[in-house]
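Lettering follows sequence order; numbering is per chain, from 1.
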Amino acid sequence: MKEYKTIPAAELRETAYQLYADGKNGLMSMFANDERQLNGNYAIYCLFSVGKSMQVIKAVLKEKGKLEFPSITPKISGAAWYEREIYDMFGLKPVGHPDLRPLALHENWPQGIFPLRKDFNNKTPVPTAKKEFPMAGVEGEGVFQVPVGPIHAGIIEPGHFIFSQAGEDIIRLDAKLFFLHRGIEKAIEGAPIERAFYQVERISGICTVAHSLSYCQAIENIAGVTVPPRAQYLRALVGEMERLYNHVGDIGNLCAGMGFAVGIMAGARLKEDIMRVNEALTGHRFLRGMVVPGGVRLDINDQLSAEIRSMLDKLIPDFNEMIELFRGNDAFLNRVETTGIVPRQAALDLGVVGVGARASGVDVDIRRDFPYGCYSSLKFDVPLYTSGDCAARLWVRVDEVAQTVNLIRQILAKMPQGPLKAAIPAIKPYSSGFGWCESPQGNNIHWLMVGENNTVYRLYARAAAYPNWPALTVAAPGNIIPDFPLINKSYELSYACVDR
Amino acid sequence: MLKVWKKVIATGNVTEPWEKAVPPPERSRGEVVVQQNAACKGCNLCVNVCPTNAIKLYEGSPVVNQKACVFCGLCVDSCQEGCLKQTTNYKLATLGGSLVENTGSELRNKIRRVLGRSLHIRHLDIGSCNGCDFEMNHVCNPVYDIQQYGIDFVASPRHADLLMVTGPVTRNSTQALMMTYEATPTPKLVMALGACACSGDQIFGESYAIRGAVDAFVPVDIYVPGCPPRPQAIIHGLMLALDRM
């Protein structure tokens, strides 16, 4: 289990800065919990990666005291969104936060109602407010603003962007997200953990396995359940299949950012081949219905293994030919190279994860750094590029496709025999724990507190896209506005994951 | 450039007609049907296990609300009497609004006459998990190639004949839904795509952030259930609406 260090909230800044050690130890996640019914306190949890371990600071605020804490954003930029969300949802004010605009609750939400507090009932009708939602921009002679979204031109998810422009050049980008905010974390409070799983599985379509895995591993960590080895391998198999179809599709989609139709179609065609195998394996094109708390629901047989292997054998030469269309293509490289640079220091400061981090020279992969399931017995490399541009994010994905194909082959070859599922026993009420995994976009971390009778007391689901979104506001300025779709697609961040 | 052409020619034509495309594999989870001679004992196991409350017992036998079913198959696994069976059927689209049989047939004919051979779609995500949206993307891939049917996606609601709406209506997206609907010229159709759009808060449960199903806000003409509906199910819904089955 993780080490929890409990402190009064007033000491949060000091303690967090000490643990952060000027960026040596990254902030992985930060969230609050209303524990007034248990001990009369609100609690704010900060998860740090410290060398080879994870450490948690638990800062408590007395219910009767002032509901504020010293913001840690001034030194730890990655905390900016976490703290805004805590203020939105719990009304706990981060004092000294440089940008305390609402995040998840828009102008329609009335002041002073905090939906994640336990005394807020989901059945309470909430009036529609008509507030202003201030967007950040730049003003000055010749500077103009381009508003985009939330409904976009392509088939993509909703987000509202304001570009402050000097001619073609972007000087500032501000994003308003959470149009897809469904309040899932609140909606599942009180539901049995094994039933709430089906809502968690639906946080995001393309990160289905990632959210399922993090959630299930959180349950299993808390309950002290060991997942049978065969189930661990099958979980890794679907996890890697998810990475494979996402990466191949995302590489194709990157071409949509520059109108390279042959690339788009090649990627889409290859992705379809993988999704058909997904369905043959799990009965679902997005791999739903495989992972369940305690293990997996479906087994694999020789015929399915052969089907996966033959798909990979066909995919690899085809995929490599597609990549060759990029590598020697000056017109293509001209668009992706030096476009949308996120410097290494910015990636570290914002706590960027996954493909985005590895393209900016930050060597993180939670499968290797904090292995879960069967990953410690599998061999794989973590590709690393340092230029931080769209090209680097593309090459990271290209290299990861090769690693993932290799991993799938290893998993199929090593698949142990045995049962598929362990039962989840009665869990001691109010015990809590983390679950994590590496989604196609980066690490995905869930924190769960179990209530009475194995129900959900509080779930916090931090998807990889959450710390990565702010990186886009670093990547875009200095580029021309027609390059934004390309930069956006080079990250290919899920909105549904962030908005929940 | 030569390499590009070489790749294009080597790949050849991969497009499949949607109905004759590869049938769903054996494990594929589609419509849950109630067996004809079901010996339901009224144990309610299926009702209780359903994560989206899509099953009710009615006159001594289970009834599945297809609009809210996510095809997880838990009900089938739970039934001791074998009353329920999961099939691979995905053709579950139903018509509503101006396309429903018996009412407004003149309007229906007019819509079909105007839009029948050439339909332009605007995608509108107002709360989905992005599963539906990616399947919508996939109907544009070279395998399903929606354009072969004279159907295409357009960038603006002003150019659209049909709004393809995904997700339950969230608080934060309500304004976008209403404004997009207003901006679409008539005659227009609305498709509720996926279990969330069709059933509202049944998928995620009651929430401060969800306002309901799409048809609680704008009239819906086509319901395509599924979580998410596979590309063929989307095409089926469109063909059904345009009377091109």
Side-chain angles (χ1 to χ4, degrees), chain A residues 105-106 108-109 115 120 122-124 126 128 150-151 153-158 178-184 186-188 191 195 197-199 202-206 208 249 262 265-266 268-269 271-272 275-276 279-286 288-289 298 321-322 324-325 328-329 494-496, chain B residues 3-4 7-8 10-11 14 22 24-29 49 51-52 70-74 122-138 140-144 153 155-157 167-168 170-176 180 201 203-210 227-228 230:
Chain A
L105 305 175
H106 287 181
N108 59 56
W109 191 264
F120 173 83
N122 249 336
K123 293 190 195 308
T124 319
V126 178
T128 303
I151 309 299
I155 306 177
I156 54 169
E157 298 171 80
F178 290 87
F179 288 93
L180 302 176
H181 182 57
R182 290 149 284 170
I184 298 174
K186 181 78 178 187
I188 60 170
R195 183 187 168 110
F197 167 77
Y198 291 88
Q199 276 76 41
R202 282 165 177 75
I203 289 175
S204 164
I206 51 165
T208 289
V262 176
M265 289 301 153
R269 175 173 58 82
K271 185 183 183 188
E272 178 66 23
M275 298 203 74
R276 289 187 173 181
E279 192 178 22
L281 175 65
T282 65
H284 196 279
R285 288 164 55 86
F286 292 84
R288 282 177 183 156
L298 293 162
E321 275 175 36
M322 169 173 125
E324 280 312 304
L325 302 184
N329 189 336
S494 158
Y495 299 61
Chain B
K3 261 190 199 166
V4 173
K7 180 73 183 152
V8 170
T11 304
V14 296
V22 185
E26 201 184 318
R27 280 187 178 179
S28 173
R29 293 190 300 274
V49 81
T52 61
V70 294
F71 307 140
C72 64
L74 292 183
R122 173 85 286 263
H123 160 231
L124 186 54
D125 177 357
I126 44 144
S128 91
C129 75
N130 72 32
C132 293
D133 314 86
F134 273 95
E135 289 294 39
M136 207 186 289
N137 255 311
H138 299 151
C140 304
N141 76 19
V143 180
Y144 300 105
F153 287 85
S156 164
T170 63
R171 267 187 92 88
N172 290 350
S173 293
T174 316
Q175 188 194 9
T180 309
D201 60 10
I203 309 305
F204 291 106
E206 211 156 356
S207 159
Y208 62 88
I210 296 176
C227 187
R230 57 192 302 117

Kindly determine whether Tyr198(A) and Val70(B) satisfy side chain to side chain contact (heavy atoms under 4.5 Å, CB included), including the steps that lead there. CA-CA 9 Å; Tyr198(A) 291 88; Val70(B) 294; 5.7 Å; no
Measuring from Ile184(A):CD1 to Ile210(B):CD1, what's the distance to the nearest 0.5 Å? 7.0 Å
Any salt bridge between Arg230(B) and Glu279(A), counting N to O under 4.0 Å? yes
Backbone of Arg182(A) reached by a side-chain donor or acceptor of Ser207(B) within 3.5 Å: yes
Among Gly131(B), Pro142(B), Cys129(B), residue most engaged with chain A (heavy-atom pairs, under 4.5 Å): Cys129(B)
Measure Val143(B) against the heavy atoms of chain A and call it side chain, backbone, both or neither at under 4.5 Å. side chain
In terms of heavy-atom pairs under 4.5 Å with chain A, the winner among Asn130(B), Asn141(B), Asn137(B), Thr180(B) is Asn130(B)
For Lys7(B), is it the side chain, the backbone, both, or neither that has a heavy atom closer than 4.5 Å to a heavy atom of chain A? side chain
Could you tell me which portion of Val126(A) (side chain, backbone, both or neither) has an atom closer than 4.5 angstrom to a non-hydrogen atom of chain B? both
Side-chain donor/acceptor of Arg288(A) to backbone N/O of Phe71(B), under 3.5 Å: no
If you count heavy-atom pairs within less than 4.5 Å of chain A, which of Met136(B), Gln175(B), Glu26(B) leads? Met136(B)
Say whether, by atom type as modelled, one donor and one acceptor occur between the side chain of Asp133(B) and the main chain of Ile156(A) under 3.5 angstrom. no
Against chain B, label Ile203(A) side chain, backbone, both or neither, depending on which of its atoms sit under 4.5 Å from a heavy atom there. backbone
So which part of Lys123(A) gets closer than 4.5 Å to some heavy atom of chain B, the side chain, the backbone, both or neither? both
Can you name the closest pair of heavy atoms from Ala153(A) and Arg122(B) and give their distance? O-NH2, 2.9 Å
Pick one of side chain, backbone, both or neither for Phe153(B), based on which atoms fall under 4.5 Å of a heavy atom in chain A. side chain
Could you tell me which portion of Thr128(A) (side chain, backbone, both or neither) has an atom closer than 4.5 angstrom to a non-hydrogen atom of chain B? both
Minimum heavy-atom separation for Gly154(A) and His123(B), please, with both atom names. O-ND1, 4.0 Å
Closest non-hydrogen contact found for Glu206(B) with Asn122(A) is O-ND2, 3.1 Å
Per-residue contact mode, Thr174(B) against chain A (heavy atom under 4.5 angstrom): neither
Using a cut-off of under 4.5 Å on heavy-atom pairs, state which of Ile151(A), Ile206(A), Leu105(A) scores highest against chain B. Ile206(A)
Could you report the tightest heavy-atom contact between Ala176(B) and Pro150(A), atom names first, then the distance? CB-CG, 4.1 Å
Got a second to check how far Lys271(A)'s NZ is from Phe134(B)'s CZ, nearest 0.5 Å? 5.0 Å
Which answer fits Phe120(A), side chain, backbone, both or neither, if we ask what part of it has an atom under 4.5 Å from a heavy atom of chain B? side chain
Please determine, among Gly205(B), Ala10(B), Pro51(B), Gly73(B), the option with the most heavy-atom pairs under 4.5 Å with chain A. Pro51(B)
Can you check whether Pro25(B)'s main-chain N or O pairs, donor with acceptor, with Arg276(A)'s side chain at less than 3.5 Å? no
Holding to ring pair (Phe, Tyr, Trp, His ring centres under 6.0 Å), I want the full list of residues that pass it with His106(A), two or more places apart in sequence or in another chain. Phe133(A), Phe179(A)
In terms of heavy-atom pairs under 4.5 Å, which option from Pro157(B), Cys132(B), Pro24(B), Pro228(B) contacts chain A the most? Pro228(B)
Return the set of residues passing ring pair (Phe, Tyr, Trp, His ring centres under 6.0 Å) with Tyr495(A) (not counting sequence neighbours), or none when no residue passes. Trp469(A)
Is a side-chain donor or acceptor of Arg171(B) paired with a backbone partner of Asn108(A) at a separation under 3.5 angstrom? yes
One should read off an interatomic distance between Asp125(B) CG and Glu157(A) CD, to the nearest 0.5 angstrom, of 5.5 Å
Test side chain to side chain contact (heavy atoms under 4.5 Å, CB included) on Thr170(B) and His181(A); report intermediate values, then the result. CA-CA 7 Å; Thr170(B) 63; His181(A) 182 57; 5.9 Å; no
At a 4.5 Å cut-off on heavy atoms, which part of Arg285(A) comes close to chain B: side chain, backbone, both, or neither? side chain
Side-chain donor or acceptor of Gln199(A) paired with backbone N/O of Ile203(B) under 3.5 Å: yes
Please find the pair of heavy atoms, one from Ile155(A) and one from Cys140(B), that lie closest to each other, and give the distance. CD1-SG, 4.1 Å
